[in-house]
Asker: 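Sharing a structure, written as structure tokens. Questions coming.
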2 protein chains.
Amino acid sequence: MRLLLVEDDPLISRDVAAVLSKNGYLVDTESNGEEAWFKGDVEEYAVAILDLGLPGMDGLSVLKRWRENNRNFPVLILTARGNWSERVEGIDAGADDYLAKPFQMEELLARLRAIVRRASGQASPVITAGNMRLDTRTKSLTVNGSPVELSPMEYRCLHFLALNRDKVVSQMELTEQLYAQDFERDSNSVEVLIARMRRKLGKGVITTKRGFGYTLSDGDNS
Amino acid sequence: MRLLLVEDDPLISRDVAAVLSKNGYLVDTESNGEEAWFKGDVEEYAVAILDLGLPGMDGLSVLKRWRENNRNFPVLILTARGNWSERVEGIDAGADDYLAKPFQMEELLARLRAIVRRASGQASPVITAGNMRLDTRTKSLTVNGSPVELSPMEYRCLHFLALNRDKVVSQMELTEQLYAQDFERDSNSVEVLIARMRRKLGKGVITTKRGFGYTLSDGDNS
DNA sequence: TGATCATTGTCAGTTATTTGTAAGGTTCGT
DNA sequence: ACGAACCTTACAAATAACTGACAATGATCA
């Protein structure tokens with residue numbers, strides 16, 4: 001895991017870098033503000049540790065400029081002991097955490113774990129099948145890149161099919177999923193639903209297995 | 001924004017709750033570990049403040065049980081000064097930040113802002129969408145560069161939407177965050193709120209996904 | 001204290017979309 | 001060729017969302 005360590009005191013820098021390396025991080029060190037900013041802007045880091053007292057450009061400005069450019073990797077800042085207004089500023093500038101110097105290495109490691117875990121927990125809940133892509137966050141669907149509007153019922157239906165892709169889903173299963181279980185059995189609402197979706201999705205996406213049910217096919221072997 | 005405050009000292013609890021309310025949070029307070037756990041497990045909070053020294057179930061256990069049950073709202077823990085091993089434990093148990101008692105209210109507010117926006121995947125305290133820009137520190141909004149006044153309710157609503165940028169937020173979610181959970185269901189106050197904000201923000205900023213909810217979008221999509 | 005103003009929830013009326021139903025057509029397997 | 005399974009279309013009821021007006025509330029200020 002790549003980590004950028006920005007710290008102007010060479011003694012601290014060397015010690016911290018050593019411990020971090022021993023704990024599995026791939027550490028780049030910088031001591032100058034300008035160069036630190038450049039590095040963070042260009043390289044892909046998983047996390048950065050940033051000392052606020054720096055020659056050149058000060059740490060706060062570095063952080064702000066990163067955030068302005070949408071560099072969203074988590075940043076832990078190092079502050080002087082007791083200077084709590086500096087911490088507030090740092091956090092409001094977009095820092096994810098701070099640590100007052102001097103600090104215990106054990107604590108630094110714990111907080112790195114925490115902010116990395118946080119940042120990586122942003123998995124995008126997207127289901128893909130064939131050339132369609134269902135985003136559960138935005139409740140939106142794109143087919144071949146172009147957006148397709150779905151009504152709530154259609155969305156729920158397609159979502160269920162997408163979760164069971166390549167499996168045959170019977171009308172009864174769909175009925176139980178979409179409606180209360182005591183729904184009238186002699187209704188053709190599911191068929192209508194499928195038809196409406198097909199009109200939007202195009203042919204060949206939902207196939208019928210006569211007598212068994214429907215399948216959302218993954219590969220589009222027409 | 002709903003917040004759960006877990007603190008057994010009634011004096012501290014009352015003071016902190018007062019300041020938080022004044023800053024736009026919808027605060028529920030709990031003093032007992034068991035009940036705090038239950039509340040956090042059942043309700044939808046945007047963030048929680050958790051004192052580690054509690055009667056009943058201790059704070060660390062409360063936190064662990066939340067995380068085991070996939071309750072992933074950000075948690076800020078309050079620890080005794082100087083007890084850094086407790087902090088490390090807390091963070092590894094799933095806390096997002098800590099604060100040592102006694103603390104400055106200003107700092108508590110800053111860190112709350114930080115963990116809330118971090119949990120939502122935002123790196124910066126300034127959230128932009130389309131041509132609007134929301135500064136969560138000053139609670140101010142500009143559209144196309146010119147400032148726009150928001151009422152408290154409108155700000156809270158827009159803030160919540162901004163935290164969930166590009167995600168569809170249902171009316172129910174909004175209701176739960178803006179009002180207490182026992183709010184009347186058959187009211188259209190959220191719709192009215194949205195309409196009032198749209199009048200100020202212009203069209204295309206808040207889009208409706210009929211049947212699902214609202215989205216604060218980047219504005220350029222039809 | 002009383003007037004004024006902003007805020008916010010409620011309501012009624014309107015518009016637009018969604019969805020179940022029914023009726024008739026088509027396809028498939030045997 | 002027959003029936004069952006499935007498709008398609010149109011329609012009407014139900015539902016969701018928008019809007020403007022109004023009233024209650026509480027803050028502000030002379």
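Chain letters run A, B, ... following the sequence lines, proteins first and then strands; every chain starts at 1.
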Asker: Is there a side-chain polar atom (N or O) of A:S151 under 4.0 Å from OP1 or OP2 of C:dT19?
Answerer: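 So the side chain of A:S151 is within the cut-off, an N or O lying under 4.0 Å from OP1 or OP2 of C:dT19.
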
Asker: Can you tell me how far P of D:dC7 sits from CG of A:L201, to the nearest Å?
Answerer: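 From A:L201 CG to D:dC7 P: 14 Å.
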
Asker: Assign each of B:K209 and A:R199 to its nearest nucleotide of DNA chain D by heavy atoms, then name whichever residue's nucleotide is nearer the 5' end.
Answerer: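 Checking each residue's closest nucleotide, the 5'-ward one belongs to A:R199.
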
Asker: Nearest whole Å is fine: how far is C:dT26 C1' from A:N188 CG?
Answerer: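 After rounding, the gap between these two atoms is 14 Å.
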
Asker: What's the closest nucleotide to the A:P152 side chain, out of C:dT19, C:dT21, C:dT7?
Answerer: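 The listed nucleotide nearest to A:P152's side chain is C:dT19.
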
Asker: Roughly how far, to the nearest 0.5 Å, is CE of B:M132 from CG of B:L158?
Answerer: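 Output value for this atom pair is 4.5 Å.
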
Asker: Taking the nucleotide of DNA chain C with the closest heavy atom to each, which residue, A:V192 or A:L150, is nearer the 5' end?
Answerer: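 So the residue in question is A:L150.
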
Asker: Going by salt bridge (charged side-chain N to carboxylate O under 4.0 Å, His left out), name the residues that satisfy it together with B:R156, two or more places apart in sequence or in a different chain.
Answerer: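 Residues passing salt bridge (charged side-chain N to carboxylate O under 4.0 Å, His left out) with B:R156: none at all.
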
Asker: Is the phosphate of D:dA16, meaning OP1 or OP2, less than 4.0 Å from a side-chain N or O of B:T208?
Answerer: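 No, because none of the side-chain N or O atoms of B:T208 sits under 4.0 Å from OP1 or OP2 of D:dA16.
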
Asker: Looking at B:Y179, I'd like to know whether one of its side-chain N or O atoms comes within less than 4.0 Å of OP1 or OP2 on C:dT8.
Answerer: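 Answer no for this pair, as no side-chain N or O of B:Y179 is under 4.0 Å from OP1 or OP2.
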
Asker: Can a side chain N or O of A:Q171 be found less than 4.0 Å away from OP1 or OP2 on D:dA5?
Answerer: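 Result: no.
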
Asker: Quick one: label A:Y214 by what it contacts on the DNA or RNA (base, sugar-phosphate, nothing), any heavy atom closer than 4.0 Å.
Answerer: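 Sugar-phosphate: the residue A:Y214, judged by heavy atoms under 4.0 Å, touches backbone atoms but no base.
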
Asker: Rounded to the nearest angstrom, tell me the gap between atom NZ in A:K200 and atom C1' in C:dT17.
Answerer: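 To the nearest whole Å, that distance equals 10 Å.
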
Asker: Verify the distance criterion only: is there a donor paired with an acceptor across the side chains of A:T208 and A:R198 at less than 3.5 Å?
Answerer: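 A:R198 and A:T208 do have a side-chain donor-acceptor pair below 3.5 Å.
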
Asker: Whole angstrom is fine here: how far is it from CD in B:E154 over to C1' in C:dA6?
Answerer: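 In whole Å, C:dA6 C1' lies 11 Å from B:E154 CD.
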
Asker: Let me know the distance between CZ of B:F212 and C1' of C:dT17, rounded to the nearest Å.
Answerer: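 Whole-Å distance recorded here is 13 Å.
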
Asker: What is the separation between atom CD on A:E191 and atom P on C:dT27, rounded to the nearest whole Å?
Answerer: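 Value for this atom pair: 15 Å.
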
Asker: When the distance from CZ of A:R196 to C1' of C:dT17 is rounded to whole Å, what number comes out?
Answerer: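 My rounded result for the distance is 11 Å.
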
Asker: Can you tell me the distance, in whole Å, between the CG atom of A:L193 and the P atom of D:dC7?
Answerer: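 The distance from CG of A:L193 to P of D:dC7 comes to 12 Å, rounded to the nearest Å.
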
Asker: Answer yes or no: does a side-chain N or O of A:S187 lie under 4.0 Å from OP1 or OP2 of C:dT21?
Answerer: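 Looking at the OP1 and OP2 atoms of C:dT21, one of them is under 4.0 Å from a side-chain N or O of A:S187.
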
Asker: With distance as the sole criterion, is a donor-acceptor pair present between the side chains of B:T215 and B:S217 under 3.5 Å?
Answerer: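 No, B:S217 and B:T215 have no side-chain donor paired with an acceptor closer than 3.5 Å.
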
Asker: Looking at B:R198, does any N or O in its side chain come under 4.0 Å of the phosphate oxygens OP1/OP2 on D:dC18?
Answerer: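 Yes, because at least one side-chain N or O of B:R198 sits under 4.0 Å from OP1 or OP2 of D:dC18.
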
Asker: Choose from D:dT8, D:dA5, C:dC11 the nucleotide whose nearest atom is closest to any side-chain atom of A:R210.
Answerer: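 Of all the options, the side chain of A:R210 is nearest to D:dA5.
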
Asker: Determine whether the side chains of B:R111 and A:Y98 contain a donor N or O and an acceptor N or O closer than 3.5 Å.
Answerer: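 The answer is yes; a qualifying pair exists.
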
